[in-house]
Amino acid sequence: MNNKGFFMLMQVFSLSILLLAAAAIFSVFRIYSENQVMEDAKMTAVYLAQKEIAMIEGEILTEKKFYDAGTIKEASINKNNVFFHINTSLSVNDKLKTVTAKVNWTVNGKQAEFDLRKTVYTNE
């Protein structure tokens with residue numbers, strides 16, 4: 001092998017290593033961004049669950065509406081390009097009422113769920 005072929009082989013080898021390193025960096029960035037989107041969706045789900053429970057709790061405490069035990073509300077919301085399904089239910093135990101909000105969503109083919117419960121004391 002002459003000198004010209006040896007230098008070309010070194011250049012091809014160097015470029016191959018640089019491309020491999022770039023691919024690794026972009027793979028890590030892609031994984032990070034997917035996880036970040038899932039975390040953002042979870043924070044949105046927490047917000048939606050808290051909002052639903054606060055609205056129902058206010059209506060129960062102010063006696064604006066009377067709710068029986070069971071499913072109170074089902075809603076579907078599209079926020080930040082993620083589809084959320086919210087199911088709000090109520091269970092009654094004498095003067096204690098437990099409001100439960102369940103939020104389901106799918107991001108990048110991965111399904112997730114968040115449950116939030118709050119017990120409200122009513123003086124009826």
Side-chain angles (χ1 to χ4, degrees):
M1 186 182 291
N2 60 15
N3 279 344
K4 186 175 181 183
F6 179 73
F7 287 121
M8 292 298 288
L9 181 63
M10 290 303 288
Q11 287 177 346
V12 168
F13 184 68
S14 299
L15 286 175
S16 297
I17 289 177
L18 284 174
L19 287 174
L20 183 64
I25 289 170
F26 285 120
S27 294
V28 168
F29 178 73
R30 183 183 56 79
I31 292 169
Y32 170 77
S33 66
E34 287 177 359
N35 288 336
Q36 189 64 40
V37 168
M38 184 60 100
E39 195 61 33
D40 290 346
K42 183 177 180 184
M43 294 303 294
T44 304
V46 169
Y47 164 76
L48 292 172
Q50 288 176 339
K51 179 182 163 190
E52 287 294 319
I53 287 180
M55 288 181 0
I56 301 299
E57 178 186 12
E59 290 174 349
I60 289 172
L61 292 176
T62 60
E63 297 176 357
K64 188 174 182 180
K65 283 189 177 179
F66 178 76
Y67 292 109
D68 288 327
T71 300
I72 296 174
K73 182 179 175 183
E74 284 193 42
S76 297
I77 297 174
N78 187 3
K79 285 225 182 244
N80 302 331
N81 296 325
V82 179
F83 186 72
F84 295 93
H85 180 74
I86 305 166
N87 184 358
T88 309
S89 61
L90 178 72
S91 61
V92 179
N93 184 5
D94 197 24
K95 292 185 178 186
L96 296 177
K97 296 183 178 184
T98 303
V99 183
T100 304
K102 291 184 181 185
V103 183
N104 299 318
W105 70 95
T106 303
V107 174
N108 298 328
K110 296 177 186 174
Q111 288 189 338
E113 182 178 318
F114 179 75
D115 294 344
L116 186 63
R117 289 180 177 81
K118 184 164 188 182
T119 304
V120 180
Y121 176 80
T122 56
N123 196 11
E124 296 174 348

Under 3.5 Å, which donor-acceptor pairs link side chains of residues 14-29 to any protein atom two or more places apart or in another chain?
| unit_1 | atom_1 | unit_2 | atom_2 | d |
| --- | --- | --- | --- | --- |
| Ser14 | OG | Met10 | O | 2.9 |
| Ser16 | OG | Val12 | O | 2.9 |
| Ser27 | OG | Ala23 | O | 2.9 |

Using every non-hydrogen atom in the two residues, find where Met38 and Trp105 come nearest and quote the distance to one decimal.
SD-NE1, 3.5 Å
Contacts of Gln50 that satisfy side chain to side chain donor-acceptor pair (under 3.5 Å) - sequence neighbours left out:
none
Could you work out, with salt bridge (Lys or Arg N to Asp or Glu O under 4.0 Å) as the rule, every residue matching Glu39, not counting sequence neighbours?
none
Could you list the residues that satisfy side chain to side chain donor-acceptor pair (under 3.5 Å) with Lys110, not counting sequence neighbours?
none
Rounded at 0.5 Å granularity, tell me how far CD1 in Ile60 sits from CD1 in Ile72.
5.5 Å
Just jot down the side chain to side chain donor-acceptor pair (under 3.5 Å) partners of Asp40, sequence neighbours excluded, or say none.
Gln36
So if you build clusters from Ile, Leu, Val, Met, Phe, Trp, Tyr with side-chain heavy-atom gaps below 4.5 Å, do Val46 and Met55 land together?
no
Joining Ile, Leu, Val, Met, Phe, Trp and Tyr whenever any side-chain heavy atoms lie under 4.5 Å apart, the cluster holding Leu96 also takes in Tyr121
Say whether Val37 and Ile77 are linked into one hydrophobic cluster, either directly or through other cluster members, by side-chain heavy-atom distances under 4.5 angstrom.
yes
Hphob cluster co-occupancy, Leu116 + Tyr67, side-chain heavy atoms under 4.5 angstrom
yes
So, using salt bridge (Lys or Arg N to Asp or Glu O under 4.0 Å) as the criterion, who are the partners of Glu57 when residues are at least two apart?
Lys118
Using the rule that Ile, Leu, Val, Met, Phe, Trp and Tyr join whenever any side-chain heavy atoms are under 4.5 Å apart, tell me whether Met43 and Ile53 fall into a single cluster.
no
What residues, two or more places apart in sequence or in another chain, satisfy salt bridge (Lys or Arg N to Asp or Glu O under 4.0 Å) together with Lys79?
none
Taking only residues two or more places apart in sequence, or in another chain, which ones meet Glu113 in a side chain to side chain contact (heavy atoms under 4.5 Å, CB included)?
Lys102, Asn104, Asp115
Salt bridge (Lys or Arg N to Asp or Glu O under 4.0 Å) partners of Lys73, counting only residues at least two apart:
Glu52
Any pair counted as salt bridge (Lys or Arg N to Asp or Glu O under 4.0 Å), so long as it reaches residues 19-34, sequence neighbours left out
Arg30-Glu34
In a table with atom names and distances, give each donor-acceptor pair under 3.5 Å that connects a side chain of residues 80-91 to protein atoms at least two apart or in another chain.
| unit_1 | atom_1 | unit_2 | atom_2 | d |
| --- | --- | --- | --- | --- |
| His85 | ND1 | Ser76 | OG | 3.2 |
| His85 | NE2 | Glu74 | OE1 | 3.4 |

